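Let me begin by presenting the structure, written as structure tokens, before commenting on it.
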Amino acid sequence: GLACAHRLAKLGARCVLFYHREAADAAQAKAQALPGQGHMAWQLQVTDSASLKTAAAEVTQRYGRADVLINSAGYTQPVPAADLNAFLAL
């Protein structure tokens, strides 16, 4: 995720880095180290819908819209192999 953000920032994008367990100052330092300006880091739990909605509203308020979303959170949930469609019901 950070490599993608670095490349996009180098091309002129403003990036929002979402993090969960990392220390806030370390996440902010990564955002500030990206090429260009206007980047930010935001603590977020990707399994919490309310947190996702709040983050989306903040991004929209600050930047007007989000053009690209790169999910590298690495979250998964066990699903029985016999019923892969069960994931859709979660």
Side-chain angles (χ1 to χ4, degrees):
L2 185 57
C4 290
H6 189 273
R7 178 70 174 140
L8 290 168
K10 193 172 182 178
L11 292 170
R14 288 180 291 175
C15 298
V16 179
L17 307 179
F18 294 116
Y19 66 97
H20 176 59
R21 292 189 179 110
E22 189 169 16
D25 57 343
Q28 292 294 342
K30 288 178 181 179
Q32 291 172 357
L34 293 173
Q37 298 178 351
H39 312 298
M40 64 178 273
W42 181 290
Q43 189 171 20
L44 178 70
Q45 174 54 268
V46 298
T47 59
D48 178 37
S49 295
S51 292
L52 293 169
K53 288 178 183 177
T54 300
E58 180 68 22
V59 167
T60 301
Q61 181 180 349
R62 286 189 184 210
Y63 301 108
R65 67 180 193 268
D67 293 322
V68 177
L69 172 66
I70 300 169
N71 181 4
S72 62
Y75 175 79
T76 190
Q77 183 157 345
V79 175
D83 187 10
L84 294 178
N85 288 327
F87 183 74
L88 298 175
L90 298 175

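Quick caveat, the model's predicted, so the values are computed rather than measured. Computed from heavy atoms alone, side chains included, the values below leave out hydrogens, waters and symmetry copies.
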As an exercise, state the distance from [atom1] of [X] to [atom2] of [Y], rounded to the nearest 0.5 Å.
X	Y	atom1	atom2	result
Asp67	Leu8	CG	CG	10.5 Å
Arg7	Leu2	CZ	CG	14.5 Å
Tyr19	Gln45	OH	CD	13.0 Å
His39	Gln28	NE2	CD	12.0 Å

Subject >> Trp42 with Leu17, same ILVMFWY side-chain cluster at under 4.5 Å >> reply: no
Subject >> Full working for side chain to side chain contact (heavy atoms under 4.5 Å, CB included) between Met40 and Arg14 >> reply: CA-CA 8 Å; Met40 64 178 273; Arg14 288 180 291 175; over 6 Å; no
Subject >> Side-chain donor or acceptor of Tyr63 paired with backbone N/O of Gly38 under 3.5 Å >> reply: yes
Original post:
Within the side chain of Gln43, is there an N or O that forms a donor-acceptor pair under 3.5 Å with the backbone of His20?
Top reply: yes
Original post:
Shortest non-hydrogen contact from Ala31 to Ala41?
Top reply: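 In this case the closest contact between Ala31 and Ala41 is CB-N, 4.0 Å.
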Original post:
At their closest point, which heavy atom of Ala5 faces which heavy atom of Cys15, and how far apart are they?
Top reply: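 Minimum heavy-atom contact is O-SG, 3.5 Å.
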Subject >> Pair Ile70-Phe18, side chain to side chain contact (heavy atoms under 4.5 Å, CB included): steps then yes or no >> reply: CA-CA 10 Å; Ile70 300 169; Phe18 294 116; over 6 Å; no
